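Here is how names work: the chains are called A, B, and so on, in the same order as the sequence lines, proteins then strands, and each is numbered from 1. Not measured: the values here are computed from a predicted model. Because only heavy atoms are used, hydrogens play no part in the values below, and waters and symmetry mates are left out as well, while side chains stay in.
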2 protein chains.
Amino acid sequence: MWALSTSGGDTAYHHGDLRRSLIAAARDLLRAGGVEAVTLREAARLAGVSHNAPYRHFASREALLAALATEGFRALRKALEEAGRRAEPPERLTALGRAYLRFADADRATFRLMFGGVVEDADHPDLAEASSATFGALRSVVTERESPAGAERDALRAWALVHGLAHLVADRQIDAARAEACLK
Amino acid sequence: MWALSTSGGDTAYHHGDLRRSLIAAARDLLRAGGVEAVTLREAARLAGVSHNAPYRHFASREALLAALATEGFRALRKALEEAGRRAEPPERLTALGRAYLRFADADRATFRLMFGGVVEDADHPDLAEASSATFGALRSVVTERESPAGAERDALRAWALVHGLAHLVADRQIDAARAEACLK
DNA sequence: ACCTGAACACCGTTCAAGT
DNA sequence: ACCTGAACACCGTTCAAGT
């Protein structure tokens, strides 16, 4: 009866897309109401399945949150890499900073989930990998022009400045334009 | 029968200390398990009252969280002011930065609650006031030595740097000593 | 004033069962 | 494999009632 539904719309999750549907639903909940609004039962409801079906794809609510954070780190990494490709060394660092700030501004809730401490990296290997790959992309650009003494400290300072600005933007304490003006 | 208990220990909350007991209990829960571990029912249990008694002092769970964040901002402000009093202008800014980082390191969970976006400043007047008073204390020191063009941007940069370092410390991505080394 | 117990609509998670 | 319904122990919040 629904053997044909693979190709058609509403019931696609019956054939392997439930994971994706749940992540999409959870992302909507996150953006609308923050971490505390993300519940397995509501995500299941939005995906049109029973409250129990999510456990076929996520071991726990935290695993679903970890998947959202993982996707966030991948998207941020992609944005950083694209910004890096579009600029040459003197301005490259600024371009990455701008991409970082735009990410935080465009998806505040995901940014907060990524850095809010609700999901522990250590408990979710995919998340740990995505997060360190993102920092690797950032670090390689931040250190590319320096090697003398103090380089490591300068790199950390640059990272902290951008990260702090991003948090202030995500918290709506300053706006994105003022933050970008600080990138020099 | 318990008319005398005002002066004595366990049942003091029956006479006006319940609010304080609940905050203390909530603080323990926050430090032990993060925001999501703070529940009204568990705080009530720790304080030795029925699950319903907290509503005499807090309109909602969020109001209890707001009280914790408010106390956090007051403690941070006090730490910043003391640091400022103990140092003179050239080093004063660094001293404040150090105090900020030590606060984030010593009470990561509270720092995250204060800046994690779970409680909205706008919904809690006391919190809004405590938070802006804290930023005022910071801002006055950050701008005291400069007035020429670019001063506002430099002040924001200094704030963002310290704030970013503090988040990285709270997230355990760098340790407090490395962060302090970045304050110059 | 401050506290209690029962009640309601939610959660996350587990289990036995259906296709 | 993937999904369902019932069940359990939790929540936040409200209400009627006790002292």
Euclidean distance, atom CG of residue Asp17(B) to atom P of dC3(C) [Å, nearest integer]: 11 Å
Under-4.0 Å side-chain N/O to phosphate OP1/OP2 contact, Arg19(A) with dC2(D): no
With the side chain of Arg41(B) defined as its heavy atoms from C-beta on, choose the nearest nucleotide among dT4(D), dC11(D), dG12(C). dC11(D)
For the side chain of Arg139(B) and the backbone of Ala155(B), is there at least one donor-acceptor N/O pair under 3.5 Å apart? no
What's the CD-P distance between Glu36(B) and dG12(D), to the nearest Å? 12 Å
Nearest whole Å is fine: how far is dC11(D) C1' from Leu65(B) CG? 14 Å
Is Asn52(A) side chain donor-acceptor paired with the dT13(C) base, going by distance under 3.5 Å alone? no
If you check the Arg61(B) side chain, which of dG12(D), dT13(C), dC11(D) turns out closest? dG12(D)
Checking base pairs now: Watson-Crick or wobble, both atom distances under 3.5 Å. What partners dA17(D)? none
Can you measure Leu22(A) atom CG to dG12(C) atom C1' for me and round it to whole angstrom units? 15 Å
Nearest-neighbour nucleotide for the Ser50(B) side chain, dT4(C), dG5(D), dG5(C) considered: dT4(C)
Candidates Leu93(A), Leu96(A), Leu165(A) - the one meeting side-chain contact (heavy atoms from CB on, under 4.5 Å) with Leu183(A): Leu165(A)
Without decimals, in angstroms, what is the distance between His57(A) NE2 and dT13(C) C1'? 17 Å
Any ion pair linking Lys78(B) and Glu81(B) (charged N to carboxylate O, less than 4.0 Å)? no
Donor-acceptor contact below 3.5 Å, side chain Arg92(B) vs main chain Ala87(B): yes
If you take atom types as modelled and just measure distance, does the side chain of Arg56(B) reach the base of dT4(C) with a donor-acceptor pair under 3.5 Å? no
Choosing from dA7(C), dT13(C), dC11(C), which nucleotide comes nearest the side chain of Glu42(A)? dC11(C)
Tell which nucleotide pairs with dA9(D), taking only Watson-Crick or G-U wobble pairs whose two distances are both under 3.5 angstrom. none
dG12(D), dA6(C), dG12(C): which one has an atom nearest the side-chain heavy atoms of His51(B)? dA6(C)
Leu29(B) side chain reached by Leu46(B) side chain, heavy atoms, under 4.5 Å: yes
Could you state the atom-to-atom distance from CG of Leu18(A) to C1' of dC3(D) in whole Å? 9 Å
If you only use heavy atoms from C-beta on, which nucleotide in dT13(C), dA7(C), dC11(D) is closest to the side chain of Tyr55(A)? dT13(C)
Any strand, both distances under 3.5 Å, Watson-Crick or G-U wobble: dC3(D) pairs with none
Rounded distance (Å) that lies between atom P of dT14(D) and atom CG of Leu40(B): 11 Å
